[in-house]
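Some notes on the structure that comes next.
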Amino acid sequence: MNDSTIALPWLVVRQDDNGNRYRVGRYATRAEAQKIADSLDARGHKQLYSVERVGQNGDSVRN
């Protein structure tokens, strides 16, 4: 695990119609990440935006 994983443990992830997942950004707090996900979701596109926490091994953990 590196310093950026510790400092920015929250991810915003976009999932498209085909199930492909892409990391949109990393954030310091869950509230900050949720605010970004909500604003992107409000645009009305078919993509799904979710907030996930980076686990101890660097993998994202779905909440």
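Nothing fancy with the numbering, it's 1 onward along the sequence.
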Rounded distance (nearest 0.5 Å) linking atom OG of Ser50 with atom CZ of Arg14: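 It is 11.5 Å, given to the nearest 0.5 Å.
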Stepwise side-chain contact (heavy atoms from CB on, under 4.5 Å) check, Ile36 with Tyr49: CA-CA 9 Å; Ile36 297 298; Tyr49 293 92; over 6 Å; no
Flag side-chain contact, heavy atom, 4.5 Å: Leu40 against Gln47: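 Side chain of Leu40 against side chain of Gln47, heavy atoms only: no contact under 4.5 Å found.
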Student check: side-chain heavy atoms of Val13 and Val24 closer than 4.5 Å: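 Sidechains of Val24 and Val13: no contact.
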Any donor-acceptor pair under 3.5 Å from Asn18 side chain to Asn20 backbone: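 Checking the backbone N and O of Asn20 against the side chain of Asn18, no donor-acceptor pair under 3.5 Å is found.
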Residue list, side chain to side chain contact (heavy atoms under 4.5 Å, CB included) with Thr29, at least two apart or on another chain: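 Checked Thr29 against side chain to side chain contact (heavy atoms under 4.5 Å, CB included); matches are Ala31, Glu32.
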Exercise: identify the closest heavy-atom pair between Leu8 and Ala28: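 In terms of heavy atoms, the two residues are closest at CD2-N, 3.6 Å.
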Nearest atoms (heavy-atom pairs only) where Val51 meets Ala37: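 Heavy atoms of Val51 and Ala37 come nearest at CG2-CB, 4.0 Å.
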Glu52 with Arg30: basic N within carboxylate O range, under 4.0 Å: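 Judged by the 4.0 Å cut-off on N to carboxylate O distance, Glu52 and Arg30 do not form a salt bridge.
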Set of residues satisfying side-chain hydrogen bond (donor to acceptor under 3.5 Å, both in side chains) with respect to Asp41, sequence neighbours excluded: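 Scan of Asp41 (side-chain hydrogen bond (donor to acceptor under 3.5 Å, both in side chains), adjacent residues dropped) gives none.
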Val12 and Tyr27: CA distance, side-chain angles, deciding distance, side-chain contact (heavy atoms from CB on, under 4.5 Å) verdict: CA-CA 8 Å; Val12 173; Tyr27 302 91; 3.5 Å; yes
